[in-house]
Amino acid sequence: MISNILYLDYKGFCYTKVNSCIILFKEVFKLKEKLTIGEMAKLRGMTAETLRHYDRIDLFKPQYIDPNSGYRFYSIFQYEVLGTIKELRQLGMSTDEIKDYFNERNFSKSLDILKAKHADLVSKLNELTDLEENIREKIVYLDLVAREKELQTVMFREIGRRKLITLNEKINNNLELCYGVIRLENMLAEKTPILASNRLGILIQEADLRTKRFEEPSVIFVVAKSKEKIPKQYQRIVPAGLFACIRYNGELLWNRSESLSKIFDYLDEGGYQITGDALQIMHVDITITDKPNEITFEIQVPVQKV
């Protein structure tokens, strides 16, 4: 197999490890000091327009201008500068940052710039990792939703401890709901926290449950991830335990009376009692479907055997 690795010696001559490739390379690039914009672009694997742009912004300019024709030529000895620019662009550096990089270059300055860019790349990688994890969890959740389509059926589930982020303000209508959701989303550092998730919902107070006031204004919340740093005044812990759950079509703020009545009838028949506030969570919402018959919610009521 013929190697395609190219080298430049200190005089600027190009060659490869395989002698036969030297001839081919000479034929393609016509080894010479002065290069047209197209030749330099081809040599460095970029477009001529990119070089024209670098010329316009004074980042990388041709070394020669023919006094008669006005044609502009690059020197092969500029290969190192252009190669460095290409690599720095691959690192995500802006043209202004690259200009600063070339301004009075020295070892210490170059090292500091590269360390700063490395830290920036690590931060972006962490952000992408978090985003990938978030999307993966959404896919797993939606796959589960696709398999569990039964509505208006009471079921018991053991659910682990959860930390909620809440504004501690009751929502009275859909207008307040819109602004409340925005405020909660702005408190989260993660990407795409609400889309296709079962984390947004409202709390139905235990006192309202016991008095059968199922449609009373409720407090909105988002289930926090473990690494979220939220001020304590906005946190609320839901202990792990047994929950009586039911799913239904409807709206977040309304239409839950029928489903809650079914839960309470089921609890009375089975000898269970409620132990705290209920959670009403968006199961499938308008972030992933426009069809009303696909929008569902799940009510989770903490219970224990009498």
Side-chain angles (χ1 to χ4, degrees), residues 137 141 144-145 148 150-173 176-177 180-181 183-185 187-188 193-194 197-285 296-306:
E137 290 176 355
Y141 167 66
L144 180 63
V145 169
E148 298 179 352
E150 192 170 11
L151 301 178
Q152 292 297 342
T153 300
V154 180
M155 64 190 80
F156 288 108
R157 293 218 313 269
E158 289 283 348
I159 302 178
R161 178 181 180 273
R162 287 169 285 181
K163 180 172 68 175
L164 308 184
I165 306 170
T166 175
L167 301 173
N168 297 310
E169 299 173 1
K170 290 190 175 182
I171 302 298
N172 296 282
N173 52 54
E176 293 180 359
L177 176 64
V181 171
R183 289 173 62 190
L184 285 175
E185 286 182 336
M187 295 172 68
L188 301 175
I194 304 301
S197 71
N198 58 341
R199 297 171 58 193
L200 180 65
I202 61 173
L203 289 167
I204 308 171
Q205 292 184 337
E206 181 179 357
D208 291 333
L209 293 173
R210 293 189 181 279
T211 56
K212 303 297 191 294
R213 294 181 297 171
F214 297 145
E215 304 293 339
E216 287 296 302
S218 305
V219 174
I220 191 172
F221 70 83
V222 169
V223 179
K225 291 199 170 182
S226 57
K227 53 189 172 184
E228 286 284 354
K229 295 181 179 179
I230 304 297
K232 287 187 177 180
Q233 66 266 32
Y234 298 116
Q235 292 184 26
R236 176 163 179 175
I237 302 300
V238 178
L242 182 66
F243 289 80
C245 305
I246 191 170
R247 292 175 186 166
Y248 73 98
N249 290 115
E251 295 186 40
L252 182 63
L253 299 181
W254 327 110
N255 310 126
R256 54 180 177 254
S257 293
E258 179 184 354
S259 298
L260 280 168
S261 295
K262 283 189 176 183
I263 288 180
F264 274 83
D265 290 342
Y266 195 86
L267 296 180
D268 290 340
E269 292 174 5
Y272 289 86
Q273 65 180 14
I274 65 173
T275 61
D277 296 347
L279 290 77
Q280 180 184 347
I281 297 178
M282 288 185 174
H283 190 57
V284 176
D285 61 20
T296 58
F297 300 88
E298 180 172 275
I299 297 175
Q300 302 169 355
V301 181
V303 299
Q304 67 180 15
K305 192 76 172 177
V306 178

Do you know which two heavy atoms are closest between [X] and [Y], and how far apart they sit?
| X | Y | answer |
| --- | --- | --- |
| Ala278 | Pro302 | CA-CD, 4.0 Å |
| Asn173 | Ile171 | O-CG2, 3.4 Å |
| Glu206 | Gly276 | OE1-CA, 3.4 Å |
| Phe214 | Arg256 | O-NE, 2.5 Å |
| Ile165 | Leu184 | O-CD2, 3.6 Å |
| Thr166 | Ile220 | OG1-O, 3.0 Å |

All side chain to side chain donor-acceptor pair (under 3.5 Å) counterparts of [X], not counting sequence neighbours:
| X | value |
| --- | --- |
| Glu169 | Arg183 |
| Arg213 | Asp208, Thr211 |
| Thr275 | none |
| Glu258 | none |

Supply the atom-to-atom distance [X] [atom1] to [Y] [atom2], rounded to the nearest 0.5 angstrom.
| X | Y | atom1 | atom2 | result |
| --- | --- | --- | --- | --- |
| Ile246 | Met155 | CD1 | CE | 8.0 Å |
| Lys163 | Tyr234 | NZ | OH | 15.0 Å |
| Gln235 | Ile230 | CD | CD1 | 7.0 Å |
| Asn255 | Leu260 | CG | CG | 11.5 Å |
| Lys212 | Ser257 | NZ | OG | 11.5 Å |
| Tyr272 | Ile263 | OH | CD1 | 13.5 Å |

**Q.** Flag if over 12 foreign heavy atoms under 6.0 Å of OH, Tyr266
**A.** no
Q: State whether the side chain of Lys305 and the backbone N or O of Gly270 hold a donor-acceptor pair below 3.5 Å, judged by distance alone.
A: yes
Q. What do the steps show when you test Gln304 against Leu242 for side-chain contact (heavy atoms from CB on, under 4.5 Å), and what is the final call?
A. CA-CA 7 Å; Gln304 67 180 15; Leu242 182 66; over 6 Å; no
Kindly indicate whether the side chain of [X], heavy atoms from C-beta on, has any atom under 4.5 Å from the side chain of [Y].
| X | Y | value |
| --- | --- | --- |
| Arg199 | Glu137 | no |
| Phe243 | Val238 | yes |
| Arg162 | Leu279 | yes |
| Val223 | Leu164 | yes |

Q. For residues Ser218 and Gln205, is any side-chain donor paired with an opposing acceptor at under 3.5 Å?
A. no
**Q.** Thr153: partners by side-chain contact (heavy atoms from CB on, under 4.5 Å), with sequence neighbours left out
**A.** Glu150
(Q) For Gln300 and Arg157: C-alpha separation, side-chain torsions, deciding distance, then whether side-chain contact (heavy atoms from CB on, under 4.5 Å) applies. (A) CA-CA 9 Å; Gln300 302 169 355; Arg157 293 218 313 269; 3.7 Å; yes
Q) Of His283, Gln280, Glu298, which is the lone residue that meets side chain to side chain donor-acceptor pair (under 3.5 Å) with Tyr248? A) Gln280
(Q) Show me the pairs that pass salt bridge (Lys or Arg N to Asp or Glu O under 4.0 Å) and involve residues 268-282, at least two apart or across chains. (A) Arg236-Asp277
